Amino acid sequence: MSGPRSQALQQRAERFFPGGVNSPVRAFKAVGGSPPFIERAEGAWLIDADGNRYIDYFGSWGPMILGHAFPEAVDAIEIAGRNSASFGASTAAEADLAERIVACYPAMEKMRFVSSGTEATMSAIRLARAATGRKNIVKFEGCYHGHADGLLVKAGSGVATFGIPGSAGVPEEIAHLTLALPFNNLAAVEMAFAAHPGDIAAVILEPIVGNAGCIPPTPGYLDGLRALTKQEGALLIVDEVMTGFRVALGGALELYGLDADLVTLGKIVGGGLPVGVFGGKLRFMDLLAPSGPVYQAGTLSGNPLAMAAGIATIRYLQEHAGDVYPQLESTTKAVAEGVAAEAARAGVPLAMNRVGSMWTWFFTAGPVTNYAQAAKSDTAAFGRFHRAMMEQGVWLPPSQFEAAFLGTEHGEAEVEKTIAAARRAFQAVRNV
Ligand code: KE4
């Protein structure tokens with residue numbers, strides 16, 4: 001339960017912002033309780049306006065892989081800030097970061113910086129439509145790629161029928177250009193291409209779903225999508241906004257040896273500052289203005305403070321990848337499996353999916369290999385668990401359908417505290 005100062009801040013915020021927040025998930029609607037307001041954070045810990053401390057397992061929704069207030073990023077932002085926050089003109093720092101990105105993502109032969117993941121995926125789709133002269137897009141249920149109209153789409157009645165608006169304000173005409181298919185089901189994609197031959201511009205996916213909770217690709221699925229899109233002349237857009245630099249230095253593309261026509265990045269690449277990136281093969285990227293006819297622009301694209309934070313973060317990950325990723329793997333394995341063991345001991349049905357340092361405890365027996373199976377989770381039980389963990393100073397993502405993350409500053413003390421808190425929290429889950 002948040003303290004009196006957070007509650008007062010929430011009341012003030014509700015005067016200015018719908019729901020008192022600037023992004024819906026922060027409102028805790030899915031888990032109940034009122035959201036604490038953060039005053040500062042350090043390492044693996046958040047400190048709220050009432051001085052309460054929490055172990056942070058969402059890390060700004062991914063970016064804080066090196067912990068909060070990572071010293072080299074803080075220093076870099078401070079130095080850049082003294083030279084002015086923004087120029088609206090080119091700087092060396094943009095290519096400095098791009099050089100580091102392309103070293104990790106060779107598929108990104110050229111790229112462009114934007115200020116969010118939404119801008120990155122929206123722009124990648126526009127490029128794909130221009131490159132193919134086709135209008136339709138395939139996405140997957142449970143995958144979230146930001147809030148551009150064409151991506152806020154729910155599955156239509158049948159696999160081959162086009163989407164229906166997933167949000168008020170999205171016109172049917174736009175939703176009908178998107179086909180939402182079940183993840184981890186290649187036959188559904190084959191059927192869609194058969195039903196719409198020569199009409200599908202691109203397939204966009206989270207290579208490891210994070211936005212339905214963590215759902216890894218089944219063996220062969222990604223390679224199957226790559227082969228199918230190549231055969232059908234459609235682009236494969238791999239959205240690594242969440243998985244990029246998270247599951248490996250080279251993201252899911254490195255982990256699964258996958259090639260992509262276009263790739264999107266965000267979150268970690270900006271070190272916590274607003275950065276999105278879209279990039280890919282030269283023949284597509286050179287269609288982009290001012291080289292080609294596809295328009296895309298942004299006042300703060302390549303912002304010098306964001307570049308500085310991104311460079312400091314990616315440089316550290318590149319220089320220490322041999323230690324960072326094994327450490328993240330072992331810490332995450334310990335906490336994810338330790339909590340799952342407590343659920344089993346308490347007789348609470350739980351399916352745990354994990355890839356590296358992104359994972360989800362689904363409150364269902366499982367397995368969870370697609371959104372329909374994830375949706376069987378007992379979200380009320382997850383809500384009770386979330387509230388009981390918050391009361392013990394452990395802040396999980398406030399939704400059953402989100403991935404949890406940890407960073408290099410999470411250690412044994414945090415793991416032990418989390419498992420002990422879960423032991424007590426599962427009692428709260430059961431005793432209703
Ligand atoms: P942004 O526009 O929020 O920077 O990025 C959109 C986006 C694109 N692609 C993937 C795979 C993403 O996960 C996201 C954003 N992720 C959510 C959390 N699951 C952002 C948190 C929020 O919406 O407040």
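What's counted below: heavy atoms across the whole structure, side chains too, no hydrogens, waters or symmetry copies. Throughout, numbering of the chain's residues begins at 1 and tracks the sequence. Atoms within each ligand, like the ligands themselves, are counted from 1 in listed order. On a predicted model such as this, the values are computed, not experimentally measured, just so you know.
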Evaluate the salt bridge (Lys or Arg N to Asp or Glu O under 4.0 Å) criterion for residues Asp261 and Arg226: first the C-alpha distance (whole Å), next the side-chain angles of each, then the deciding distance (0.1 Å), finally the verdict. CA-CA 9 Å; Asp261 296 309; Arg226 175 65 285 182; 2.8 Å; yes
Should Arg134 and Asp199 be marked as a side chain to side chain contact (heavy atoms under 4.5 Å, CB included) after you check the CA-CA gap, both sets of side-chain angles, and the distance that decides it? CA-CA 5 Å; Arg134 302 173 181 181; Asp199 276 349; 5.7 Å; no
Ligand 1: protein residues within heavy-atom distance under 4.0 Å: Ser23, Val25, Trp61, Ser116, Gly117, Thr118, Tyr144, His145, Gly146, Glu206, Asn211, Asp239, Val241, Met242, Lys267, Glu402
Can you confirm whether Ile101 sits close enough to Val269 that some side-chain heavy atom of one is under 4.5 Å from a side-chain heavy atom of the other? yes
Below 4.5 Å, heavy atoms only, C-beta onward: do Val238 and Asp259 meet side chain to side chain? no
Could you tell me which residues satisfy side chain to side chain donor-acceptor pair (under 3.5 Å) with Glu72, sequence neighbours excluded, listed by chain and number? none
Is there a side-chain contact between Tyr144 and Leu152 (heavy atoms, below 4.5 Å)? yes
